[in-house]
Amino acid sequence: MADIASVLKRLEAATVRLEEIVGGKVGSQSSPVAIATADPVAVSQSVVDYDHLIASNLAQVVAKAKVIGGVVDEQIAALSLAFAAQRAFLVVASTSKKPSATDLSSLLADTQKYLQQVVAIRDKSRASPFYNHLSIISEGVPALGWVAVEPTPVPYIGEMKDSATFYSNKVVKDFKDKDQNSVDFARAFISLLTELQAYVKKYHTTGVAWDAKGGDVKTVFSSASHEPSSAEPVVASAAITDYDNLIVTSLAAFIAKAHAIGGIVDEQAAALKLAFVAQRSFLVLASASKKPSTSDLPSLLTDTQKHLQQVVTIRDKSRASPFYNHLSVVSEGVPALGWVAVEPTPVPYIGEMKDSATFYSNKVVKDFKDKDQNSVDFARAYVTLLTDLQAYVKKYYTTGVAWNPKGGDAKTIAASSGFSSSSATASVGGPPPPPAPTTAQLDKFAGNASSVKPAGTANLFSALNKEGLTAGLRKVDKSEMTHKNPELRASSVVAASASEKKPAPVKAFAAGSAAAKGPPKCALEGNKWVVENQLNESEPVVIKNPELRHSVYIYNCQNSTIKVEGKVNAVTLDNCKKTGLLIDSVVSTCDIVNCKSVQVQITGRGPTVAIDKTDGCQLYLSKLCVEEGQSVEVLTAMSTEVNVLVEGEGQDGEFIERPVPEQIKSTVKKGSMVTEIVEHKA
């Protein structure tokens with residue numbers, strides 16, 4: 001305890017000079033990561049690894065503390081801010097010459113403030129049943145004082161870890177048969193200190209590694225938000241602080257669940273974490289820059305886009321994984337980080353992406369609620385992360401990214417600070433970064449959410465109002481109606497009348513048609529039939545004699561018909577356009593996702609059809625689906641023009657068409673909300 005008191009005393013002395021300098025400027029409104037707002041964005045590898053320490057090991061501690069809650073969660077929140085403040089200190093150190101002892105104190109103010117908060121929370125909670133939990137943290141947190149220890153910071157961290165281990169062993173002993181989460185909490189903090197010790201040994205063996213060729217620390221420090229300038233308002237530091245809190249709380253809790261699952265899920269979560277870190281760097285840059293032109297913006301989003309693509313790629317290459325729905329939860333929701341390119345409605349845009357993620361989240365919860373609680377928590381934690389991101393954007397960036405009208409040129413600042421993936425890869429000898437996305441790619445990345453009205457709209461309506469526009473159309477004979485002649489749906493093509501002149505044949509890959517992402521495929525992989533890239537096929541693609549345990553996954557097909565001749569476990573139609581699907585029977589679910597203008601017919605039985613993000617779907621159900629007490633659940637989300645047709649309910653055994661409602665009304669009352677379908681009565 002004497003050593004700890006000595007450390008705290010030394011750290012307290014180190015802040016005296018700063019308090020004299022900044023006075024009331026370092027108050028409750030100052031950012032605990034204030035220096036980080038001057039982040040050079042493409043930071044040194046040592047700072048990158050410190051970020052990994054925060055988003056992995058610290059994240060584990062945060063997640064366990066949130067489960068315990070109360071004063072433990074409060075203390076860990078202060079610990080998180082201490083780590084964030086130290087991260088800011090290391091950013092300044094990486095670009096500055098070693099300062100004098102007097103100047104050093106000004107850089108340690110934020111860290112010291114939060115260290116004192118950690119200890120104070122323990123001291124005021126001596127009667128708490130979690131006193132030993134609090135003591136683990138307060139005894140070990142002086143390890144962050146290694147920045148003031150030369151030339152032996154590594155052994156110093158070891159001493160602090162030993163002090164924390166004493167209380168950690170107490171918690172493990174007292175709770176090993178009562179609360180496994182408390183045991184995990186204790187061990188997670190010791191692991192955090194162990195990793196911190198390894199980090200310091202790797203980058204700061206004899207003390208903080210300052211930059212001998214860097215600038216004067218006073219200059220770098222004064223440019224940070226401790227002394228707000230016209231180029232960086234105080235509100236920017238508050239926004240960055242809350243974004244850091246989002247990373248070390250909501251994102252950390254999600255990463256902890258992904259890490260527990262491991263494998264491909266953990267790999268995808270790591271890519272997601274890097275996307276959030278890249279977005280943080282972008283927001284730092286925005287807080288100090290004027291709004292760039294549309295052509296310059298894509299280059300500033302390169303890092304974020306790269307990691308978003310990694311998240312989606314991991315899902316796409318793992319279609320046979322038993323955790324495919326877990327991966328889909330993340331990949332469907334991750335475009336929410338594209339809010340930075342959406343104006344003036346980024347908040348609703350995030351909500352749309354959250355809805356997409358929720359569709360798969362509900363699937364995971366349904367499939368694993370009685371098997372693996374961690375998978376259920378994983379799915380819910382990700383939706384919570386998007387909810388918190390939405391609230392954050394609503395608070396600070398309601399109509400779009402808040403650029404600084406008095407700031408510098410974004411391109412110039414980015415170039416001077418090495419803002420791109422190139423500097424990061426160069427430091428570790430990696431490959432060159434991918435080229436910056438084009439404006440067209442950025443529009444796609446933003447979900448085409450711009451509210452700008454196309455310039456040609458007036459011309460379009462003018463053309464539609466011309467007389468004689470429909471003169472060349474003919475009445476469709478009953479013999480050519482697909483709903484009256486089911487055999488016509490097999491080819492999805494209605495024969496032209498003999499009197500009509502046949503048009504010239506169109507090449508399968510004419511200009512403007514969808515390009516295949518790979519060669520056509522129809523093969524059995526394990527227990528899954530995979531049908532991909534079937535474009536403009538004149539003959540149906542047939543899956544014959546599948547087994548009951550087989551599932552069918554149909555992806556990226558257009559102007560084609562797929563027939564499944566036999567009973568299968570499940571069928572998924574994904575990212576298809578103008579495609580017909582004919583199924584005998586399905587045991588569990590038929591999923592229709594990201595499709596446009598498709599027709600699906602079940603000739604046997606199928607209990608559930610789930611339709612998500614689909615525009616135009618005709619669902620044909622057989623008599624067997626609804627006879628003998630049978631029923632079919634049709635689940636829809638973010639879909640339009642969905643019609644369900646049941647065989648034999650009309651005259652002469654015809655299909656009866658029933659549209660799926662698209663408009664709902666919610667009435668908010670005191671203490672409740674009632675939601676009902678809107679009916680339009682003549």
* Stepwise salt bridge (charged side-chain N to carboxylate O under 4.0 Å, His left out) check, E537 with K563 -> CA-CA 13 Å; E537 293 293 332; K563 294 179 67 176; over 6 Å; no
* Which is it for I592 and V598 under the side-chain contact (heavy atoms from CB on, under 4.5 Å) test, yes or no, and what are the steps along the way? -> CA-CA 9 Å; I592 305 166; V598 296; 4.1 Å; yes
* Asked: Okay, side chain of Q663, backbone of I677: is any donor-acceptor separation there less than 3.5 Å?
  -> no
* **Residue pairs passing the salt bridge (charged side-chain N to carboxylate O under 4.0 Å, His left out) test where at least one lies in residues 375-385, sequence neighbours excluded** => K257-D377
* To do: Before giving the answer on side-chain contact (heavy atoms from CB on, under 4.5 Å), spell out for I314 and V312 the whole-Å C-alpha distance, their side-chain angles and the decisive distance to 0.1 Å.
  => CA-CA 5 Å; I314 290 171; V312 176; over 6 Å; no
* At their closest point, which heavy atom of V541 faces which heavy atom of Q534, and how far apart are they? -> CG2-OE1, 3.7 Å
* To do: Could you tell me which non-hydrogen atom of V347 sits nearest to which non-hydrogen atom of Q390, and how far apart they are?
  => O-NE2, 3.1 Å
* Taking the side chain as C-beta and beyond, is there a heavy-atom pair between Y349 and P335 under 4.5 Å? -> yes
* Would you check if the side chain of T302 reaches a backbone N or O of S299 as a donor-acceptor pair within less than 3.5 Å? => yes
* Under 4.0 Å between a Lys/Arg side-chain N and an Asp/Glu carboxylate O for E633 and K366? -> no
* Side chain of S588, backbone of N569: donor and acceptor closer than 3.5 Å? -> yes
* **Residues R315 and E332 bridged, charged N to O under 4.0 Å** => yes
* T579 side chain to K577 main-chain N or O, any donor-acceptor pair under 3.5 Å? -> yes
* Asked: Should W529 and E547 be marked as a side-chain hydrogen bond (donor to acceptor under 3.5 Å, both in side chains) after you check the CA-CA gap, both sets of side-chain angles, and the distance that decides it?
  -> CA-CA 10 Å; W529 283 92; E547 297 180 19; over 6 Å; no
* side-chain contact (heavy atoms from CB on, under 4.5 Å) between Q601 and F655, worked out -> CA-CA 12 Å; Q601 181 172 3; F655 286 85; 4.1 Å; yes
* **Nearest atoms (heavy-atom pairs only) where L389 meets Y243** => CD1-CE1, 4.4 Å
* Close side-chain approach of W339 to T345, heavy-atom, < 4.5 Å -> no
* **Partner residues of E565 under the side-chain hydrogen bond (donor to acceptor under 3.5 Å, both in side chains) criterion, sequence neighbours left out** => none
* **For L624 against T603, the heavy-atom pair lying closest together** => CD1-O, 4.3 Å
* Can you tell me if R549 and N527 form a side-chain donor-acceptor pair at under 3.5 Å? -> yes
* Structure fact -> Output for pair (N374 CG, I261 CD1), nearest 0.5 Å, gives 5.0 Å
* Side chain to side chain, P546 and V564, heavy atoms closer than 4.5 Å -> yes
* To do: Step through the shown structure and confirm whether more than 12 heavy atoms of other residues, nucleotides or ligands are within 6.0 Å of CD on E539.
  => no
* Is R319 close enough and on-axis enough to Y553, meaning under 6.0 Å and within 45°, for cation-pi? -> no
* Structure fact -> Interatomic distance, CG@D372 vs CG@D367, rounded to 0.5 Å, equals 11.5 Å
* Would you find a donor on one side and an acceptor on the other, under 3.5 Å apart, between the side chain of S361 and the backbone of A357? -> no
* Check for a donor-acceptor pair, side chain of E662 on one end and backbone N or O of E641 on the other, with a separation under 3.5 Å. => yes
* Structure fact -> To the nearest 0.5 Å, atom CD1 of I611 lies from atom SG of C590 at 8.0 Å
* To do: Answer yes or no: is there a donor N or O on one side and an acceptor on the other, between the side chain of Y397 and the main chain of V340, under 3.5 Å?
  => no
* Check: N643 and Y620 side chains under 4.5 Å, non-hydrogen atoms -> no
* Structure fact -> With V393 as partner, the option from V342, D388, I350 fulfilling side chain to side chain contact (heavy atoms under 4.5 Å, CB included) is I350
* Which distance, rounded to the nearest 0.5 Å, do you find between the CG of N594 and the CG of L573? -> 10.0 Å
* To do: Give, for atom OG of S250 and atom OH of Y392, the distance between the pair rounded to the nearest 0.5 Å.
  => 12.5 Å
* To do: Evaluate the side-chain proximity of L619 to L645: yes if any heavy-atom separation is below 4.5 Å, no if none is.
  => no
* What pairs with K371 under side-chain hydrogen bond (donor to acceptor under 3.5 Å, both in side chains), at least two apart in sequence or on another chain? -> none
* **Polar side chain donor-acceptor pair, T640 to D615, under 3.5 angstrom** => yes
* Taking it one step at a time, do V593 and Y360 satisfy side-chain contact (heavy atoms from CB on, under 4.5 Å)? -> CA-CA 11 Å; V593 186; Y360 283 97; 3.5 Å; yes
* Test item: V609 and V632 side chains (from C-beta on) under 4.5 Å apart, heavy atoms -> yes
* Asked: Does the pair F368 and H326 meet the rule for a ring pair (Phe, Tyr, Trp, His ring centres under 6.0 Å), with working shown?
  -> CA-CA 11 Å; F368 287 85; H326 294 63; 4.8 Å; yes
* Asked: For the residue pair C625 and R605, what are the closest heavy atoms and their distance?
  -> SG-CA, 3.9 Å
* Asked: Between E676 and K665, is the closest basic N to carboxylate O distance under 4.0 Å?
  -> yes
* Hey, are the side chains of N533 and K521 touching, using non-hydrogen atoms and a 4.5 Å cut-off? -> no
* Asked: Closest approach of A63 and A256, non-hydrogen atoms and distance?
  -> CB-CB, 3.6 Å
* What residues form a side-chain hydrogen bond (donor to acceptor under 3.5 Å, both in side chains) with Q310, not counting sequence neighbours? -> H307
* Asked: Cut-off 3.5 Å, side chains only: do E532 and N556 have a donor facing an acceptor?
  -> no
* For the pair S639 (side chain) and T614 (backbone), establish whether a donor and an acceptor sit closer than 3.5 Å, ignoring hydrogens and angles. => yes
* To do: Can you measure from CG (L246) to CD (Q279) and round to the nearest 0.5 angstrom?
  => 9.5 Å
* **More than 12 heavy atoms from other groups under 6.0 Å of CG on L548** => yes
* Asked: In chain order, what residues pass the side-chain hydrogen bond (donor to acceptor under 3.5 Å, both in side chains) check against T675, with sequence neighbours excluded?
  -> S666
* Asked: Taking the side chain from S560 and the backbone from Q558, do they hold a donor-acceptor pair closer than 3.5 Å?
  -> yes
* Could you tell me how the ring of F378 sits relative to the ring of F254: parallel (under 30°), tilted (30 to 60°) or perpendicular (over 60°)? => tilted
* Backbone N or O of Y555 within a donor-acceptor pair of the N575 side chain at under 3.5 Å? -> no
* Asked: If you look only at pairs with a residue in residues 580-602, which of them pass as a salt bridge (charged side-chain N to carboxylate O under 4.0 Å, His left out), with sequence neighbours excluded?
  -> K363-D591
* **H259 atom NE2, over 12 foreign heavy atoms within 6.0 Å** => no
